[in-house]
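Heads up, the thing below is written out as structure tokens.
Note: hydrogens, waters and symmetry copies are ignored here, and every other heavy atom, side chains too, is used. Chain identifiers are assigned alphabetically (A, B, ...) following the order of the sequence lines, protein sequences preceding nucleic acid strands; residue numbering begins at 1 within each chain.
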Amino acid sequence: MNNSLSYTVSPDGRELYLPLPEPFSFTQNVSYLARAAGECMHRVVDGRIRKAIPVDGETEGDSSLSVVVEVFEEQPGRLSVRFLAPEEPPSELVRDAVALYTREWFDLDTDLAPFYHMASKDPLLELPIRTHHGLRTIGIPDLFEALCWGIIGQQINLPFAYTLKRRFVERYGRSLEYNGECYWLFPSPKDIAALPVEELTELKMTTKKSEYLIGVAGLVSSGQLTKEKLLGAGDLKQAEKMLVSIRGIGPWTANYVLMRCLRTPSAFPIDDVGLHNAIKHVLGIDRKPTKEEIVKLSANWTGWQSYATFYLWRLLY
DNA sequence: CTCCAGGTTGCGT
DNA sequence: ACGCAACATGGA
């Protein structure tokens with residue numbers, strides 16, 4: 001995307017302005033981010049989103065350039081990103097990295113018009129696109145974070161998944177401080193790759209999950225698994241194959257990561273329990289749909305399965 | 001106590 | 001290829 005760094009800077013150099021696509025509802029996206037009380041990777045204060053954003057330095061493993069920002073929409077059609085910490089104004093390198101992260105985070109480069117056109121005539125999607133008009137698939141731009149969140153969330157309820165992530169992040173991550181509060185950066189794959197399994201099981205991860213996390217951390221820290229390699233895989237099926245070959249990553253996690261991190265529009269975690277419950281809810285039936293029914297119901301979603309899933313999930317949380 | 005939860009693995013047919 | 005138990009823990 002050649003305009004992916006397009007933004008303007010305030011006179012004092014502490015604010016970035018990103019043009020917003022249409023449709024985009026800041027309120028909808030904030031509500032999504034505010035919905036989970038247990039989330040430890042960001043915070044919503046007075047309708048503004050605060051978060052530590054990782055910025056890699058010139059030298060490998062240098063995370064000292066990371067910043068805390070506040071995201072809001074002061075002027076319609078324009079997203080403001082204000083640097084809260086550290087004190088020094090951000091360099092151009094940092095501004096570029098934060099602008100890119102924010103574009104990926106809020107999926108600012110996707111034209112939703114075709115999706116809304118399709119969804120307005122879809123029996124399952126008509127309701128969620130009305131209720132959450134302007135919602136974007138909120139991304140997890142960091143590959144290791146996306147993989148970990150997928151693995152941590154496997155087969156457990158959401159509140160517990162947030163608890164596990166918080167323990168993990170607060171034990172192995174780094175935090176920046178602003179206004180007396182901690183803003184956490186996700187642990188680095190290098191640090192996690194070096195851990196013995198017993199340390200993670202102490203956090204009440206299962207033994208298997210602990211093994212998966214450490215294994216994936218090794219692949220990411222060694223550069224064997226990168227966003228570039230997944231994006232360069234060719235198509236969804238190839239990327240999915242690459243991910244599923246990794247121990248601890250099955251079809252659900254692969255598609256979840258492709259959806260939230262690589263932004264593959266046709267990624268589709270079709271076995272997802274939440275998706276099944278959302279469909280059950282929209283159809284007003286007292287049982288979960290079968291896989292065959294879901295295949296039929298999603299027949300017109302081609303190329304937008306990822307957005308369809310995200311909007312349906314949103315109905316439940 | 002039971003059932004379920006934003007699954008995956010490994011072994012059986 | 002498909003089915004199914006085991007995994008381990010917390011929430012309802």
Side-chain angles (χ1 to χ4, degrees), chain A residues 32-41 124-125 128 132 135 137-140 145-168 171 196-219 225 237 239-264 266-282 285-295 297-298 301 305-317:
Chain A
Y32 172 81
L33 287 165
R35 109 219 95 106
E39 178 58 64
C40 61
M41 298 306 290
L124 285 181
L125 302 178
H132 299 287
L135 173 70
T137 297
I138 301 297
I140 305 174
E145 180 178 344
L147 288 162
C148 288
W149 181 229
I151 291 169
I152 288 172
Q154 286 170 5
Q155 188 60 14
I156 58 173
N157 61 70
L158 221 36
F160 182 42
Y162 282 118
T163 301
L164 284 180
K165 181 167 78 163
R166 177 183 294 275
R167 285 182 195 149
F168 182 70
R171 165 140 350 182
V197 170
E198 303 79 62
E199 274 203 38
L200 292 184
T201 55
E202 280 175 23
L203 306 182
K204 303 303 178 191
M205 307 263 187
T206 63
T207 306
K208 294 221 179 296
K209 256 181 215 185
S210 304
E211 290 169 1
Y212 300 160
L213 290 173
I214 291 166
V216 164
L219 292 174
L225 181 62
K237 285 295 157 205
E240 187 181 339
K241 224 174 179 177
M242 197 183 290
L243 286 168
V244 168
S245 71
I246 298 165
R247 195 171 139 78
I249 299 181
W252 180 84
T253 308
N255 280 275
Y256 182 82
V257 168
L258 289 168
M259 170 178 168
R260 299 293 302 275
C261 184
L262 283 305
R263 298 207 159 285
T264 309
S266 54
F268 192 18
I270 193 165
D271 298 316
D272 181 76
V273 177
L275 177 69
H276 301 173
N277 286 332
I279 293 174
K280 172 182 163 190
H281 173 78
V282 177
I285 56 181
D286 58 1
R287 58 167 181 87
K288 288 181 186 177
T290 67
K291 185 158 180 180
E292 290 68 33
E293 287 171 322
I294 300 173
V295 169
L297 289 163
S298 63
W301 300 355
Q305 291 91 335
S306 153
Y307 255 94
T309 303
F310 196 75
Y311 267 75
L312 283 165
W313 275 347
R314 190 67 185 93
L315 293 177
L316 300 182
Y317 309 110

I'd like to know if A:E202 pairs up with A:R167 as an ion pair, taking the criterion as any Lys NZ or Arg NE/NH1/NH2 lying under 4.0 Å from an Asp or Glu carboxylate oxygen. no
Tell me which of A:I246 and A:I156 sits closer to the 5' end of DNA chain B, going by the nucleotide each one is nearest to. A:I156
For the residue pair A:V257 and A:I249, establish whether any side-chain heavy-atom pair is separated by less than 4.5 Å. no
Whichever of A:G248 and A:P159 has its nearest DNA chain B nucleotide further upstream toward 5': A:P159
Remember a base hit wins even if backbone is also touched, and classify A:L312 as base, sugar-phosphate or nothing at under 4.0 Å, heavy atoms. nothing
Closest to the A:P251 side chain, choosing from C:dA8, B:dG10, B:dT8: B:dT8
Are any of A:T207's side-chain N or O atoms less than 4.0 Å away from OP1 or OP2 of C:dC7? no
With rounding to the nearest 0.5 angstrom, report the CD1 to CG distance, A:I151 to A:L164. 12.5 Å
Give the rounded distance in Å between these two atoms: CD1 of A:I151 and P of B:dA5. 21 Å
Spacing of A:M205 atom CE relative to C:dA8 atom C1', expressed in whole Å: 13 Å
Would you classify A:T163 as touching base, sugar-phosphate or nothing, given that sugar-phosphate means primed atoms plus P, OP1 and OP2, and contacts are heavy atoms under 4.0 Å? nothing
Side chain of A:T253 only, heavy atoms from C-beta on: which candidate in B:dA5, C:dA8, B:dT8 is closest? B:dT8
Could you work out the separation of C:dA8 and B:dC11 based on their P atoms and round it to a whole Å? 15 Å
Hey, does A:Q155 reach any base, or is it just sugar-phosphate, or nothing, if we go heavy atoms under 4.0 Å? base
Less than 6.0 angstrom from the centroid, inside 45 degrees of the normal: does A:R314 satisfy that with respect to the ring of A:Y311? no
We want to know whether A:T253 and A:Q154 form a side-chain donor-acceptor pair, criterion being a heavy-atom distance below 3.5 angstrom. yes
Rounded to the nearest angstrom, tell me the gap between atom NZ in A:K208 and atom C1' in C:dA5. 13 Å
Side chain of A:Y212: nearest nucleotide among C:dA8, B:dT9, B:dG7? B:dT9
Checking all strands, does A:L316 fall into the base, sugar-phosphate, or nothing category for heavy-atom contacts under 4.0 angstrom? nothing
To the nearest angstrom, the NZ-C1' distance between A:K209 and C:dG10 comes to 11 Å
Round to the nearest Å and state the distance from A:D271 atom CG to B:dG7 atom P. 9 Å
B:dT8 P sits how many Å from A:Q154 CD, rounded? 5 Å
Whole angstrom is fine here: how far is it from CD1 in A:I152 over to P in C:dT9? 15 Å
What's the closest nucleotide to the side chain of A:W252 if the choices are C:dA8, C:dG11, B:dG7? B:dG7
Just the rounded figure in Å: distance from C1' of B:dC3 to NZ of A:K288. 11 Å
